[in-house]
Amino acid sequence: MSRSTMVLIFTSLLVFISLTSAEMTVPRRPLGFVYKDGQPTASVRLASFLDLTCPDSLEAFKILLQVADSFSDRSVHLRLYLFPLPYHTNSHLLSKAARFLDDFTKVSPTNATVFDWIQLVFSSMRYLSTRATSNSTEVQVVDYVTSLAQSLFPVSAEQFKQGIYNASIDRMTRLEWKYGATRGVYATPMFTINDVFVNGDAWNVSEWTARVDNLLQDSVHSGCGARLGASTVVNLLNIFGDPFGAFCAFSHIHLAVFITALQCLFSYMSRN
């Protein structure tokens, strides 16, 4: 074996070891931004990786909010991750601003949310794109972004600028991007439903809603262990002991749910 081949193998081995032994820093709180009061126990969890100066991300943002608004917070949980692409000059800055303002809303009285900020940035995209700011200095861009923030939030220019240059804010913003990278995100927008990537780029509101509806129906009608506990089955047994009570109870139950209950009952009886 030649010396150059040995060096190549040794170098490749070191790279492999460094990659497999590396561990991403664990964030102090969950990454991303949850829409409204979405519950983590919701049956369907939607997520998307967006870039704040990406036109396709803008379209995805509008659609996802409409989809989430079509369902209750207990049914659908929407989380957005910001994934600033390296060739979009101002995306990292705008993502840091989103992280700071989300923290700001938790300690300051305001009706605006980070989702209002994201909407405002998207609506101002023509002034924040790489091309639009190619002749602007960083100071000029920061001043413009500051004025946008002040149009929504009761934050001073000094507070805002300190926030977007805060090391902790920068670290969390980078962690969010790194998280996307570990999931294989390479472009925006990208989507997951219940943690599985889907090709939702071309889906409109109706298509998204139909898919969520199907999943919600499946969650109701599948698996007695997931939806009906042992106490529920016992209650069903008690009802069957009273034919009249059973008739009155089941006359108000959807047929599909009744069939699922019967399946659970038979499963319970076969095990006992």
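Please read these numbers as outputs of a predicted model, since none were measured by experiment.
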- [ ] Mind checking salt bridge (Lys or Arg N to Asp or Glu O under 4.0 Å) for D213 and listing every partner two or more places apart, or none if nothing turns up?
- [x]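 Partners of D213 by the salt bridge (Lys or Arg N to Asp or Glu O under 4.0 Å) criterion come out as none, since no residue qualifies.
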Open item on the list: Holding to salt bridge (Lys or Arg N to Asp or Glu O under 4.0 Å), I want the full list of residues that pass it with R79, two or more places apart in sequence or in another chain.
Closed with: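 Checked R79 against salt bridge (Lys or Arg N to Asp or Glu O under 4.0 Å); zero matches.
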[X] side, atom [atom1]; [Y] side, atom [atom2] - distance, nearest 0.5 Å:
X    : Y    : atom1 : atom2 : value
L80  : L31  : CG    : CG    : 13.0 Å
K96  : T173 : NZ    : OG1   : 7.0 Å
Q217 : S43  : CD    : OG    : 10.5 Å
C54  : M125 : SG    : CE    : 7.0 Å
Q140 : T137 : CD    : OG1   : 3.5 Å
D102 : T113 : CG    : OG1   : 8.5 Å

Task: Y186 atom OH: more than 12 heavy-atom contacts under 6.0 Å - done: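 Incorrect, the count does not exceed 12.
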Open item on the list: Other residues, nucleotides and ligands only: do more than 12 of their heavy atoms fall within 6.0 Å of OH on Y127?
Closed with: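 Open.
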Search all heavy atoms of [X] against all heavy atoms of [Y] and return the closest pair with its distance.
X    : Y    : result
Q159 : P154 : OE1-O, 4.4 Å
A112 : F153 : CB-CE2, 3.6 Å
T130 : Y87  : OG1-O, 3.4 Å
W117 : L94  : NE1-O, 3.6 Å
L50  : A60  : CD2-CB, 4.2 Å
T110 : L152 : OG1-O, 4.1 Å

Task: Within one Ile-Leu-Val-Met-Phe-Trp-Tyr cluster: L64 and V34, side-chain cutoff 4.5 Å - done: no
Open item on the list: With a 4.5 Å cut-off on side-chain heavy-atom distances among I, L, V, M, F, W and Y, is there a chain of contacts connecting M24 to W177?
Closed with: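 Yes, it is one cluster - the side chains of M24 and W177 are joined through contacts under 4.5 Å.
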- [ ] Apply side-chain contact (heavy atoms from CB on, under 4.5 Å) to L82 and L52, showing your working.
- [x] CA-CA 7 Å; L82 298 184; L52 293 182; 3.9 Å; yes
List in chain and number order the residues that pass side-chain hydrogen bond (donor to acceptor under 3.5 Å, both in side chains) with [X], two or more places apart in sequence or in another chain; answer none if no residue qualifies.
X    : answer
T209 : none
D170 : H92, R174
D51  : T53, H88, S91
S136 : none

For the residue pair [X] and [Y], establish whether any side-chain heavy-atom pair is separated by less than 4.5 Å.
X    : Y    : result
T192 : V198 : no
V67  : V76  : no
E176 : S95  : no
F100 : N166 : no
S124 : Y144 : yes
F191 : L46  : no

Considering only residues two or more places apart or on different chains, which pairs with a residue in [range] satisfy salt bridge (Lys or Arg N to Asp or Glu O under 4.0 Å)?
range            : answer
residues 54-66   : E59-K62
residues 110-139 : none
residues 151-164 : D143-K161
residues 184-209 : R45-D195

TODO: Check the angle between the aromatic planes of W203 and W208 and answer parallel, tilted or perpendicular using the 30° and 60° thresholds.
DONE: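 Because their plane-to-plane angle is over 60°, the rings of W203 and W208 count as perpendicular.
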Open item on the list: Ring-plane angle category for Y179 and Y81, please: parallel below 30°, perpendicular beyond 60°, tilted otherwise.
Closed with: tilted
TODO: Assess whether side-chain contact (heavy atoms from CB on, under 4.5 Å) is satisfied between I193 and V44, documenting all intermediate values.
DONE: CA-CA 7 Å; I193 300 179; V44 177; 4.1 Å; yes
Open item on the list: Going by side chain to side chain donor-acceptor pair (under 3.5 Å), name the pairs with one or both residues in residues 27-40, residues two or more places apart or in two chains.
Closed with: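 Every pair satisfying side chain to side chain donor-acceptor pair (under 3.5 Å) with a residue in residues 27-40: R28-S168, R29-D103, Y35-D69, K36-D69.
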Task: Pair L148-L128, side-chain contact (heavy atoms from CB on, under 4.5 Å): steps then yes or no - done: CA-CA 11 Å; L148 287 180; L128 292 165; 4.1 Å; yes
TODO: Determine, using ring centers only, whether F33 and F115 are less than 6.0 Å apart.
DONE: no
Task: Which residues share a side chain to side chain contact (heavy atoms under 4.5 Å, CB included) with S108, sequence neighbours left out - done: F104
Task: V145 vs V121, side-chain contact (heavy atoms from CB on, under 4.5 Å): CA-CA, chis, key distance, verdict - done: CA-CA 9 Å; V145 174; V121 169; over 6 Å; no
